[in-house]
There are 2 protein chains.
Amino acid sequence: MRRTEAAAATRSALVRAASELLDEGGPGAVTLRAVGARAGVSRGAPYGHFENKEHLLTEIAVDAWNSLADEVERLRADPEATPSARLEGALLALIGVGRRQPHLYALMFSTPADDPEAAGAAGRLQDQFLAIVAGLVGESDALRYGALLMSSAHGIAGLELSGHLAREKWKVGGEQLVRMQVDAIRSGVEDVDARG
Amino acid sequence: MRRTEAAAATRSALVRAASELLDEGGPGAVTLRAVGARAGVSRGAPYGHFENKEHLLTEIAVDAWNSLADEVERLRADPEATPSARLEGALLALIGVGRRQPHLYALMFSTPADDPEAAGAAGRLQDQFLAIVAGLVGESDALRYGALLMSSAHGIAGLELSGHLAREKWKVGGEQLVRMQVDAIRSGVEDVDARG
DNA sequence: TACCTGAGTTGACGGCGTCACATGAGTGCG
DNA sequence: CGCACTCATGTGACGCCGTCAACTCAGGTA
C-alpha cells in the first residue's frame, strides 16, 4: 500500500497548497502550476487526483463548510450557553470565516450549490443552525427566521468583506449588527407571543 | 469634432458590449477580445479608452451603482408611498438587481471600495437609502438600522444568487424575508418608543 | 498642401488550463 | 527471482487570455 499512501499524501498536499495560496493571494493566485509547485509536484499532477481545477476548489469549499458546521455544532451542544448566546455565536462564526479567510468565504458561496458534496456539507451547517434558531423562536418559525438570520449574517459578512461597512459613514461593527438583529427578532417573536 | 464623437461612440460600445457579455455568460465570458469583437473593433482597441480590463469593469459597476441609486431616489421621492413601502421597495430594488443581473450584482460588490468613482456612486445609494430608513426609525437610529437593513438585503440577494435559499429546505422567498425584516425592526423601534 | 495627432490594428510575449503522450517506480504473479 | 502491468507523475503542445510596442492611416490644423 505504499503506493496509495504516497498518492493520498500528494492529494492532501495539493489541497493544502491551494488553500494557502487562496488565503495569501486570493483566487488569482491559485494556479495549478503554483499549486503543484508548492505541493512539490508538477503542473500536471493535480489531474491525477481532480478532474479539473474547479473540482479542486470545490473540495476546499466543502472542507470549509464542514469545519464551520463542526464549529456551530459545538455551539449548539454547549450546555452553558443561553439560546441567544448560541445564536449570536453561530452568526459570528459565519462572519468570522469571512474575516479570517475572506477569499475562502467567497469561494464557499460561489461554489455551485447543486454539487452534492457541497450541498451536503452546507446542509449540515443549515441543520445545526436551524436547531439553534428553533431554541429561540420555536420549531414552527425556525425556518422563516432561520433564513432571515442566515441572510443577515451573510450580508454582514459580505459588506464587511467588500469594504462597504468600513466606510466612515457606517461606524457599525458586525458584532453590534448581529446583536441588533437577534434583539429585533426576539422582540418580534415576543410580540406575537404576547398577542397570541 | 467628428473625430472625438467616433471615439466616444466606440467607448460606449465597448462598455455596452462588456455588460452584455457579462449578463449572458458571466465574468468568464468578458474577454477583451470578445468585447472588442462585439463592439466592432479589435482586441487592442479598449486600451485606447481604458487603462486595463479592470478599469472597464469598474466603469460598468459604477454605472450600475448610479442607476440603482436613481431607482431608490425615485422611491424616496414618491409621495404616495408609506415609509414602510419605501423601505421595502428600496430593499427589493437591490435584490432585484441580483435577480435580473446576477453577474453584474456580484461585480458591483467585488469592485474595490476604495475606488473614488465607485465609492461616490455607492455613497449616493447609501444616502438615498439612509433617508428612507430615517423616515421609519428616525434620524438618530438611521445609521445603525440602515446598516442592518442593507446587510440583510445584501445577504438575501447573495443567498438567492448562490442558490442557498432555493433549496427545498428553506421555502422562503426574498419578498417574505424583506417583509419580516422590516416588521421585526419596526416592532423593535416601537418597543423602544413605548418604553421611552 | 503638408504636417501632425491620436484612434485603431497587429504581432509578440508570458501565463493560464488542459490534453496526449512518455516515463518510471511500485506491485502481483509465474 | 523476473516479468508484465498499472498508475502516479513529468513534459510538450495547444489555444486561450491580458498586455505592450510598433505600425498604419484618416481627421484636423496651419
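The sequence lines fix the lettering, A, B, ..., with proteins before strands; numbering per chain opens at 1.
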Residues in residues 25-34 of chain B with a heavy atom under 4.0 Å of DNA chain D, by number, are B/V30, B/T31, B/L32, B/R33
Per the under-4.0 Å heavy-atom filter, residues of residues 35-46 of chain B near DNA chain C come out as B/V41, B/S42, B/R43, B/G44, B/A45
In this structure, CD1 of B/I95 is separated from CD1 of B/I156 (nearest 0.5 Å) by 4.5 Å
A/D78 meets the salt bridge (charged side-chain N to carboxylate O under 4.0 Å, His left out) criterion, sequence neighbours left out, with none
Within residues 101-114 of chain B, those residues having any heavy atom closer than 4.0 Å to DNA chain D are none
Sorted by chain and number, sequence neighbours left out, ring pair (Phe, Tyr, Trp, His ring centres under 6.0 Å) with A/F109 holds for A/W65, A/Y105, A/H154, B/H164
Sorted by chain and number, sequence neighbours left out, side-chain contact (heavy atoms from CB on, under 4.5 Å) with A/T82 holds for A/S84, A/A85
Rounded to whole Å, OH of A/Y47 lies from C1' of D/dC14 at a distance of 13 Å
B/H103 vs B/L22 side-chain heavy atoms within contact, under 4.5 Å | yes
Between CG of B/L21 and P of D/dC17 the distance, given in whole Å, is 11 Å
Sequence neighbours excluded, the answer for side-chain contact (heavy atoms from CB on, under 4.5 Å) partners of A/R11 is A/H49, A/F50, A/E59
From CZ of A/R11 across to P of D/dT9 the rounded distance in Å is 12 Å
Separation between CZ (A/R16) and CG (A/L21), nearest 0.5 Å, reads 12.5 Å
Salt bridge (charged side-chain N to carboxylate O under 4.0 Å, His left out) pairs touching residues 91-107 of chain A, sequence neighbours excluded, are A/R99-A/E160, A/R99-A/E175
Kindly check if the number of other-residue, nucleotide or ligand heavy atoms within 6.0 Å of CD (B/E139) is above 12? no
| request: Considering just the side-chain nitrogens and oxygens of A/T10, establish if one lies under 4.0 Å of OP1 or OP2 belonging to D/dA8. | output: no
To the nearest angstrom, the CD-P distance between B/E5 and D/dG27 comes to 13 Å
For the residue pair A/F129 and A/R76, establish whether any side-chain heavy-atom pair is separated by less than 4.5 Å. no
Under a 4.0 Å heavy-atom cutoff, the residues of residues 50-62 of chain B touching DNA chain D are B/N52, B/K53
Quick note, salt bridge (charged side-chain N to carboxylate O under 4.0 Å, His left out) partners involving residues 101-113 of chain B, not counting sequence neighbours, are none
With sequence neighbours left out, the residues meeting side-chain contact (heavy atoms from CB on, under 4.5 Å) with B/E24 are B/E20, B/R38
The side-chain contact (heavy atoms from CB on, under 4.5 Å) partners of A/D23 (sequence neighbours excluded) come to A/Q101, A/L104
